[in-house]
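The block underneath contains the structure these notes are about, expressed in structure tokens.
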Amino acid sequence: MKRDERRVVSPWNIANVLTVLRLALVPFFVFCLFLPGTGWRVAALAVFAVASLTDHLDGELARRYGLITDFGKIADPIADKALTGAALVSLSILNELPWWVTIPILAREIGVTVLRFVLLRRAVIPASYGGKVKTVLQIAAIVLYLLPGVPGPLRWVVMGAALVVTVATGVDYVIRAVRLRKVAKQVRGE
């Protein structure tokens, strides 16, 4: 009898701790953002930057050291969406970003996350290059909105690019999910 040699990875690993830290930073970020004054705005920016760095770092550590867990597969996208979603909603509440920008981005992020969870039982659709570009553009746009003194046109150009890429990658993700479902049905003989 052959022994199962798959390595069991504890959910209590550094990658997942960073994910939980990112999630825990969201309320602190929002709190700083709503307090008046440039100092608090810079504090909000610093918290957002640290949280955004943990997003890159936790994924890198999980892949490099084989720390991928079911908890991480679920918690990481939730933490990502919580951070960017909180930033976009907060900026819209503060009347610094129109709701017509925030709503489609949130709809895409929530829709793709739900779709990802539905497909999680059957397969994982890997992040595309466009999805990575989307994340970078969203973070850059939010940073430009948080940073005091950035010219409006620069903010708009980057946020506009983030919006276009976000919607386009959302459509691409749905198309890939539909194709994957068709292939799965063919394999099962349905």
Side-chain angles (χ1 to χ4, degrees), residues 18-19 21-63 75-116 125-177:
L18 288 171
T19 298
L21 173 64
R22 182 166 63 259
L23 198 53
L25 287 173
V26 171
F28 187 62
F29 160 71
V30 171
F31 177 77
C32 291
L33 187 56
F34 278 92
L35 291 173
T38 304
W40 285 111
R41 189 57 167 242
V42 171
L45 174 61
V47 173
F48 183 82
V50 168
S52 295
L53 288 174
T54 68
D55 180 26
H56 173 72
L57 189 57
D58 68 0
E60 181 67 30
L61 290 171
R63 285 184 296 278
D76 184 63
I78 290 172
D80 296 346
K81 300 333 175 219
L83 179 63
T84 56
L88 294 169
V89 168
S90 296
L91 288 167
S92 290
I93 290 170
L94 291 167
N95 291 318
E96 296 179 33
L97 181 66
W99 283 103
W100 63 264
V101 172
T102 298
I103 290 170
I105 292 175
L106 288 180
R108 183 270 191 208
E109 298 298 352
I110 292 167
V112 166
T113 301
V114 168
L115 188 58
R116 191 174 271 154
I125 297 177
S128 66
Y129 176 75
K132 293 175 183 182
V133 170
K134 174 222 38 131
T135 300
V136 169
L137 284 171
Q138 284 180 358
I139 290 170
I142 291 167
V143 165
L144 292 175
Y145 271 84
L146 295 173
L147 195 61
V150 174
L154 178 59
R155 288 177 173 166
W156 271 106
V157 166
V158 178
M159 186 59 79
L163 177 60
V164 168
V165 172
T166 297
V167 171
T169 57
V171 170
D172 175 63
Y173 196 89
V174 169
I175 291 168
R176 290 192 297 149

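All of these numbers come straight from a predicted model, not from anything done at the bench. When reading the values below, keep in mind they use all heavy atoms of this one structure, side chains included, and skip hydrogens, waters and symmetry mates.
Atoms CG and CD1, on Asp80 and Ile139 in that order, are 8.0 Å from each other to the nearest 0.5 Å. The line from CG of Leu57 to OG of Ser52 is 12.5 Å long, rounded to the nearest 0.5 Å. With rounding to the nearest 0.5 Å, the separation of OG1 in Thr113 from OH in Tyr173 is 8.5 Å. Remark: His56 NE2 to Thr135 OG1 distance equals 12.0 Å, nearest 0.5 Å. Rounded to the nearest 0.5 Å, atoms CZ (Phe48) and CG (Leu146) are 6.5 Å apart.
For the salt bridge (Lys or Arg N to Asp or Glu O under 4.0 Å) condition, no pair includes a residue of residues 136-149, sequence neighbours left out. Pairs engaging residues 152-173 under the salt bridge (Lys or Arg N to Asp or Glu O under 4.0 Å) rule: Asp172-Arg176 [sequence neighbours left out]. Sorted by first and then second residue, the pairs that involve residues 87-104 and meet salt bridge (Lys or Arg N to Asp or Glu O under 4.0 Å), not counting sequence neighbours, are Arg41-Glu96. Applying the salt bridge (Lys or Arg N to Asp or Glu O under 4.0 Å) test to pairs two or more places apart or on separate chains, those with a residue in residues 128-153 are Glu109-Lys134.
Side-chain contact between Val174 and Leu115: present, with at least one pair of heavy atoms (C-beta onward) separated by less than 4.5 Å. The closest side-chain heavy-atom distance from Val50 to Leu25 is below 4.5 Å.
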Check the pair Leu61 / Leu18 against side-chain contact (heavy atoms from CB on, under 4.5 Å), numbers first and verdict last.
CA-CA 10 Å; Leu61 290 171; Leu18 288 171; 3.7 Å; yes
Could you please spell out the steps behind the side-chain contact (heavy atoms from CB on, under 4.5 Å) verdict for Leu88 and Tyr145?
CA-CA 10 Å; Leu88 294 169; Tyr145 271 84; over 6 Å; no
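Listed here is the closest heavy atom pair of Ala82 and Val26: O-CG1, 3.9 Å.
The side-chain contact (heavy atoms from CB on, under 4.5 Å) search around Ile103 returns Trp99, not counting sequence neighbours. Judged as a side-chain hydrogen bond (donor to acceptor under 3.5 Å, both in side chains), and not counting sequence neighbours, Arg63 has no contacts. Here Leu106 pairs with Val89, Thr102 under the side-chain contact (heavy atoms from CB on, under 4.5 Å) rule; sequence neighbours left out. Taking the side-chain hydrogen bond (donor to acceptor under 3.5 Å, both in side chains) definition, one finds that Thr19 meets it with Asp58, sequence neighbours left out. Looking at residues two or more places apart in sequence or on another chain, you find a side-chain contact (heavy atoms from CB on, under 4.5 Å) between Leu147 and Leu45, Val150. The side-chain hydrogen bond (donor to acceptor under 3.5 Å, both in side chains) test applied to Asp55 returns no partner, not counting sequence neighbours.
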Using residues 160-171 as the side-chain source, report each donor-acceptor pair under 3.5 Å to any protein atom, sequence neighbours left out, with the distance given to one decimal.
from	atom 1	to	atom 2	distance (Å)
Thr166	OG1	Gln138	NE2	2.9
Thr166	OG1	Ala162	O	2.5
Thr169	OG1	Arg108	NH2	2.9
Thr169	OG1	Val165	O	2.9
Thr169	OG1	Thr166	O	3.1

Identify all side-chain donor-acceptor contacts of residues 28-37 below 3.5 Å with residues at least two apart in sequence or on another chain.
none

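A donor-acceptor distance shorter than 3.5 angstrom exists from the side chain of Thr54 to the backbone of Ala51, with no hydrogens or angles considered.
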